[in-house]
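Have a look at the structure below before the remarks.
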Protein chains: 4
Amino acid sequence: MTTTTAPTVARRGRPRDARCDEAILRATLEMLGEGGAGNLSIDGVAARAGVGKATIYRRWSSKEALLLEALSTDTNAIASPDSGTLRGDLELYFDDLVERLRQNQNSDVLPHLIEAACYDAEVRNSLDEYLSSRQLPLRQLLQRAQERGEIAARIDLAVVVDVLVGPVIYRRLMTRDRIDGVFVRKLLDIVLTPAGLRPV
Amino acid sequence: MTTTTAPTVARRGRPRDARCDEAILRATLEMLGEGGAGNLSIDGVAARAGVGKATIYRRWSSKEALLLEALSTDTNAIASPDSGTLRGDLELYFDDLVERLRQNQNSDVLPHLIEAACYDAEVRNSLDEYLSSRQLPLRQLLQRAQERGEIAARIDLAVVVDVLVGPVIYRRLMTRDRIDGVFVRKLLDIVLTPAGLRPV
Amino acid sequence: MTTTTAPTVARRGRPRDARCDEAILRATLEMLGEGGAGNLSIDGVAARAGVGKATIYRRWSSKEALLLEALSTDTNAIASPDSGTLRGDLELYFDDLVERLRQNQNSDVLPHLIEAACYDAEVRNSLDEYLSSRQLPLRQLLQRAQERGEIAARIDLAVVVDVLVGPVIYRRLMTRDRIDGVFVRKLLDIVLTPAGLRPV
Amino acid sequence: MTTTTAPTVARRGRPRDARCDEAILRATLEMLGEGGAGNLSIDGVAARAGVGKATIYRRWSSKEALLLEALSTDTNAIASPDSGTLRGDLELYFDDLVERLRQNQNSDVLPHLIEAACYDAEVRNSLDEYLSSRQLPLRQLLQRAQERGEIAARIDLAVVVDVLVGPVIYRRLMTRDRIDGVFVRKLLDIVLTPAGLRPV
DNA sequence: AGTTAAGCGAGACGGTACGTCGTGTCTTGTG
DNA sequence: CACAAGACACGACGTACCGTCTCGCTTAACT
């Protein structure tokens, strides 16, 4: 994280006004909902938040840094299930994920950030960190399944993550096909059930 | 398709100069290679192609429409393998895909187009069409496998496509992990081998 | 004049269509009336006249050449009075001039041409010729008055023309004050009546 | 005038940088001298002044507004003579005027502004104001002469102004004949001397 | 009658300038 | 120092005309 809230430093001068942070993030989220990331401008956010542009740039180095922070405010923790079985855990995890995606249905923030990350290493890092943190429960869940023997030891769990999350992201970003419980079940069936795709 | 091959229409006025199309597309691809989609400007393309901006806008309604056309010119056909086995076909298909991705390694065109598609329905449609055409061999290959009985009839092939392509795209766009033969084998192992992930 | 209507030359090929000239000039005058010279474009004239742009440029070398021609079509001859007295002649001449100005009240063609003449020598010459032809009756009228002795022989008639026409043009172009019979009488009073301004 | 010298208002935000005004006006005058008003572009002025285009548009709504301001900076006051006689005053006034015209000999600024004033009311007003201020000394000078009885009380001084200034402007804009001391003397002779043009 | 040269409508072409918008930085006066 | 306001350099946008050029066709005059 960039914010090192070292409490002992006690910086001099007027302290930052926490209400500014709030107002800026709220304005950002509102404008994201209305026009999407592409139509969101710092000028616009500043105007709506009733804040000077410098006040924004003092806190975030770029539009994308701001977006990432705004996204992170949605921090009701991700489900970290432990039902005892791999299938059960995955269903809980994905049901949560589906619900999240359903809520901000047409959000284009992710595509925007992905593109921005191509040009800006700092954004790249922050985005990686953000995504990684979102995946943590899934990795842990798989780890436990492998320890229980539900997943063969030889399997590379990183690839399993790809196989599970990839299809969802793919639908989200590219095909825009429906992402719901039905899709998740089909996905899990294919990945988990040997009878689905069997080698000749 | 927009091409109405009605030869009897006999369009009036000076016809479009095909050399302009070439020059513009060539300039576009060059600048894509150099600076990426984000740093590509219509002004720049026009200047490099030795062409007025209007000549570009006469053909493409936006930067993204131009990018899509430029991408489509890369028309060495995608591998449409038929080795007789699902596994064999998939390996051939993905080896081809991996090679393509390897070539324009750090291209940010796809992220850029994905974002643009969020705001512009026309781009959305063109992009869908483009992606769909790239997937065609894969869909056909799976179709044949299902007819041969290698894939259970109850399986939704659309989801299989997601499960296969999704992980690759996911690495490409989000985790930026390595995409190579090793990854593809692991991926196919997980998806095709029942012994990998087995339900309790 | 540019048009050398040598009838014996008998140029080969398809002859120019006189209806085009008409249509173009009519369209030009209409658009002049609507938007003024500044808002008149060759594209617009061509479209309204139902004519290709080349058909216009084949006849006139520039927008201004076209304007000059369009102006010259208004060729109901200028009054060339001969009432026997200087004052009488001048009143007739200026009444005619005032009427002409009144008709195309807010025309901005003259300013436009004056400016264009600054940059284009051809326009300069055509404009000079046009203006000179309009002044001819006045010069003749003054010439006769000088021969009759109404104007002292030592007087430079060119300057008299300036003194008479200048004020009208000045009002027209710069002050935009009213130009009517009252003004003309006042003008003639000042210039012709010794009791008006008398040297101490 | 637009300048509201209210010092108590204490305008907020970063104040306009006076050096920008200077640089822009200087660049404008330079480019006027080089290419004339017709070849002067906002892009060009911005580039030469080392200033963004927005910085120009923030101050002036159009090219013409800028030109008017630039002209007004040439503020070595106009001669406001008081020699005691009408003839003497006029000679002083016109000698000054002739000298000014001689300096920027081929300037096309005036024609350009006159045309622009046809389309833009704001330019119209500014131009009127500018011209009116230039005429002020002449009007005062005539006023005094009328009070002294050198000009008959019944004479409309506004028309006298036209009669005096009109011929000069007319030469300047239309005939492009020479404007010098000789011309001015001839002009004054005709207007002031009863023996020149006498009514029958 | 066939050939040829130009006229014609349509519209593409290389340019140039336009006026607007957004970025990230800066400079004021006021807390 | 932080803050609101807003000026600043820069760069891209998409549009409008300019004057020229190519198409396929028509229209006469000259072979």
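Numbers restart at 1 for each chain; the letters A, B, ... are given by sequence-line order, proteins then strands.
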| Which residues within residues 29-36 of chain C lie with some heavy atom under 4.0 Å of an atom in DNA chain F? | none
Can you give the donor-acceptor pairs under 3.5 Å from side chains of residues 35-44 of chain B to other protein atoms, not counting sequence neighbours?
from: Asn39(B); atom 1: ND2; to: Gly35(B); atom 2: O; distance (Å): 2.9
from: Ser41(B); atom 1: OG; to: Gly44(B); atom 2: N; distance (Å): 2.9
from: Asp43(B); atom 1: OD2; to: Lys53(B); atom 2: NZ; distance (Å): 3.4

With sequence neighbours left out, write down each residue that passes side chain to side chain contact (heavy atoms under 4.5 Å, CB included) with [X], or none if nothing qualifies.
X	value
Glu22(D)	Arg26(D)
Ser61(A)	Ala65(A), Glu122(A)
Ala23(A)	Ala49(A)
Arg48(A)	Ala27(A), Glu30(A), Met31(A), Glu34(A)

| Between CG of Leu71(B) and CG of Leu32(B), what distance do you get to the nearest 0.5 Å? | 7.0 Å
| query | Whole-Å distance between dT26(F) C1' and Arg16(C) CZ? | reply |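 Interatomic distance, CZ of Arg16(C) to C1' of dT26(F): 16 Å.
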| Whole-Å distance separating the CD atom of Glu22(B) from the P atom of dA12(E) | 18 Å
side-chain hydrogen bond (donor to acceptor under 3.5 Å, both in side chains) partners for [X], two or more places apart:
X	result
Arg19(B)	Asp17(B)
Asn125(A)	none
Asp128(D)	Arg124(D)

| When you look for runs of 3 or more Watson-Crick or G-U pairs in a row, both distances below 3.5 Å, which of them include DNA chain F? |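 Runs of three or more consecutive pairs: E:1-31 with F:1-31.
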| request: Heavy atoms under 4.0 Å is the rule here; annotate nucleotides 16-21 of chain F 5' to 3' with B where the base is hit, S where only the sugar-phosphate is, and - elsewhere. | output: -SSBBB
| What residue pairs, at least two apart or across chains, pass side-chain hydrogen bond (donor to acceptor under 3.5 Å, both in side chains) with a residue in residues 111-121 of chain B? |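 Every pair satisfying side-chain hydrogen bond (donor to acceptor under 3.5 Å, both in side chains) with a residue in residues 111-121 of chain B: Asp108(A)-Tyr119(B), His112(A)-Glu115(B), Glu115(A)-His112(B), Glu64(B)-His112(B), Glu115(B)-Tyr119(B).
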